[in-house]
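The block underneath contains the structure these notes are about, expressed in structure tokens.
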There are 2 protein chains.
Amino acid sequence: MKFKRSERLVFMTQHLTSHPNELIPLTYFVNKFTQAKSSISEDIRILKDVFENEGIGTVQTTAGAGGGVTFQPRISDARARETVGRFMEILKMKDRLLPGGYLYMSDIMGNPHLMSDIGELIATMYGDETIDAVVTVATKGISLANAVARKLNVPVAVIRKDNKVTEGSTVSVNYVSGSTRKIETMVLSKRTLKEGSKVLVVDDFLRAGGSISGVINLMEEFSAEVVGVSVLVEAKQVENRRFTDYTSLLKVSEIDEFNQSFLVEEGNCLEYIERRKEVSNSQSKEF
Amino acid sequence: MKFKRSERLVFMTQHLTSHPNELIPLTYFVNKFTQAKSSISEDIRILKDVFENEGIGTVQTTAGAGGGVTFQPRISDARARETVGRFMEILKMKDRLLPGGYLYMSDIMGNPHLMSDIGELIATMYGDETIDAVVTVATKGISLANAVARKLNVPVAVIRKDNKVTEGSTVSVNYVSGSTRKIETMVLSKRTLKEGSKVLVVDDFLRAGGSISGVINLMEEFSAEVVGVSVLVEAKQVENRRFTDYTSLLKVSEIDEFNQSFLVEEGNCLEYIERRKEVSNSQSKEF
């Protein structure tokens, strides 16, 4: 069967975007389409240009016998701003405030389209780092961790606050919950995370940071290196957080339960992307 | 800016596959490419043929002023078998057996690529039903629910076994855990699921079925209709399950803790796809 260029491009686009951060050998397409390598390379050039011009991602090609092509989700600044803006509109929606000043966010975590877009955003932020796993704390963070891990093509490790029988042997740490001031326990199954992994920690909400401090301590038990911490929403007016190096998509403040109102503003994620670009530009100038 | 057909196809393929089960107005592409509707329709025809021939999905077009195009993930039988086969290989891996005859599956639930493929499979099985939400029970089921919901383009509702403060008012039911015979509670936030929704229930493991029976009872409290129940793995030699109408990808039996061995075979998901096709063929013949 002979494929036209237009048909090849449809297949290749679908295949690459459904295998993000995975090296696809050029021979895979050469064999599938019984087409010369030069034609496949030309197909990839077209695809790469569209992906880059449309702010979808980058397409890396590696030469040689084991050569191939890798699609890396890297959204443009415009797309990143659009995602943050859409998330802000949703977070601002009325009736989100619960007793105790908590924000209802289950609809957000259960919105797979929004999660997927946010996954692309966070993968764009941390995609140039070496990351072996995305780590989160059950329950809320799981949807976000899946979305990010899918785009980075790495496994997810879920830390639990209960010790389930179906996890095998575990490592646990105690931490002080920032909001309740109670001492709690979090556990991670030993076989879920390899010793010495480089991990990206994600979570839905950052208040006092007790839970993420616990994660950082637990990661030490696994000799894991925390490459970054990223949260969807942070509470702004919290002082003395036990760690300061993290990114957030949105910040909330002035939570007023009585009037059912709160302020939402952008977090530092767009600045983070900007800063990363400057670093990578100045590095490439040096060469 | 002028786009060539090849460039349009790359963009359209990426856009449609990243918006599954969503009607994209034809005018969106017409305006983006400043191209006549007839050319865009021809693009879509090419795309549709590749998607169908390659077993990726179907592309539905609707005519008229509000007309547009919808990509529906519907994988071919060959792809479905491949996914089940790959999952079986992973499940058969050594050292999965934990004390008490439980199977360690956190690595499977934390494998976003496998989850995404399984999500496509389950979306293929239930994609022709009207589904308003995917429902699961924390913690393990969440990754699967996300993957399926992403392909169906519907929200996820996560039932919890603890009553978290950040959920607002909830509805709860008691259920008897099949394995421990203890009475437990599961809760779902009222606002997470609309009354009268049609839901697909998914979970990682089906043993005695106590937990899924609880979900079915809880769904009654929401006047929700359970359109289907699908699990990744079922334990085969369980009698008197409280419900019988479900699908599974794999079945395990002869769990032998002493010898660290168990049998894995295919569940009924491939048969289910087959049966659905026969039903839909005989229905279309009637017209």
Side-chain angles (χ1 to χ4, degrees), chain A residues 4-7 9-14 17-19 22 43 46-47 49-51 53-54 56 95 98-100 102-107 109-113 115-116 133 138-140 142-143 145-147 149-151 153-158 160-162 164-168 189 191-192 205, chain B residues 4-7 9-14 17-19 22 43 46-47 49-51 53-54 56 95 98-100 102-107 109-113 115-116 133 138-140 142-143 145-147 149-151 153-158 160-162 164-168 189 191-192 205:
Chain A
K4 291 186 197 147
R5 162 149 292 151
S6 55
E7 294 165 339
L9 281 171
V10 170
F11 181 85
M12 288 165 84
T13 302
Q14 195 277 337
T17 53
S18 63
H19 296 80
E22 188 178 325
D43 294 343
I46 296 171
L47 206 147
D49 284 350
V50 176
F51 278 16
N53 292 336
E54 297 294 334
I56 295 164
D95 300 330
L98 298 172
Y102 286 92
L103 290 185
Y104 175 81
M105 282 178 61
S106 298
D107 60 326
M109 310 317 288
N111 178 337
H113 191 164
M115 280 303 116
S116 176
T139 310
K140 290 274 186 56
I142 299 176
S143 308
N146 283 328
R150 177 77 193 104
K151 301 294 175 183
N153 191 30
V154 298
V156 172
V158 177
R160 300 178 66 128
K161 292 183 179 168
D162 55 348
K164 270 276 278 191
V165 282
T166 55
E167 296 276 337
S189 161
R191 50 205 283 186
T192 305
F205 201 91
Chain B
K4 291 186 198 150
R5 161 148 294 150
S6 55
E7 293 165 338
L9 281 171
V10 170
F11 181 84
M12 289 164 84
T13 301
Q14 195 276 337
T17 53
S18 64
H19 296 80
E22 188 178 323
D43 294 344
I46 295 171
L47 207 145
D49 284 349
V50 176
F51 278 16
N53 292 337
E54 298 294 335
I56 296 164
D95 300 331
L98 297 173
Y102 286 92
L103 289 186
Y104 175 80
M105 282 179 60
S106 298
D107 60 327
M109 310 316 289
N111 178 336
H113 191 164
M115 280 301 118
S116 178
T139 308
K140 291 272 186 58
I142 299 176
S143 308
N146 283 327
R150 178 78 194 102
K151 301 296 175 180
N153 191 30
V154 298
V156 172
V158 177
R160 300 177 66 128
K161 293 183 179 168
D162 56 347
K164 268 277 277 193
V165 284
T166 55
E167 294 277 337
S189 161
R191 50 206 282 186
T192 305
F205 200 90

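What you see below is based on every heavy atom in this structure, not just the backbone, and it leaves out hydrogens, waters and symmetry mates. Reminder, nothing fancy here: chain letters follow the sequence lines and each chain counts from 1.
- In terms of heavy-atom pairs under 4.5 Å with chain B, the best-connected choice from A/Ala133, A/Ser116, A/Ala147, A/Ala145 is A/Ser116.
- Considering all non-hydrogen atoms of both residues, B/Ser6 and A/Ile46 come closest at OG-CG2, 4.0 Å.
- Here the closest heavy-atom approach between residue B/Pro155 and residue A/Pro112 is recorded as CA-CD, 4.1 Å.
- Counting all heavy atoms, side chain and backbone alike, B/Asn146 lies closest to A/Met109 at OD1-O, 4.4 Å.
- Heavy atoms closer than 4.5 Å to chain A are found in both the backbone and the side chain of B/Asp95.
- The minimum heavy-atom distance linking A/Arg191 with B/Leu98 is given by the pair NH1-CD2, 4.0 Å.
- For B/Ser189, the part sitting under 4.5 Å from any heavy atom of chain A is the side chain, from C-beta outward, and nothing else.
- Annotation: side-chain hydrogen bond (donor to acceptor under 3.5 Å, both in side chains) contacts of B/Thr13 (sequence neighbours excluded): none.
- Each of B/Arg5, B/His19, B/Met12 has some count of heavy-atom pairs under 4.5 Å with chain A, and the biggest count is that of B/His19.
- In this structure, the portion of B/Thr17 lying under 4.5 Å from any heavy atom of chain A is its side chain and not its backbone.
- Listed options B/Asn153, B/Thr192, B/Asp43 were ranked by heavy-atom pairs under 4.5 angstrom with chain A; first place goes to B/Thr192.
- The contact between A/Leu47 and chain B is made by backbone and side chain atoms together, counting heavy-atom distances below 4.5 Å.
- Here the closest non-hydrogen pair linking A/Ser18 and B/His113 is O-NE2, 4.4 Å.
- Interface residue B/Arg160: only side-chain heavy atoms are found under 4.5 Å from chain A.
- Residues B/Phe11 and A/Ile56 come closest through the heavy atom pair CD1-CD1, 4.4 Å.
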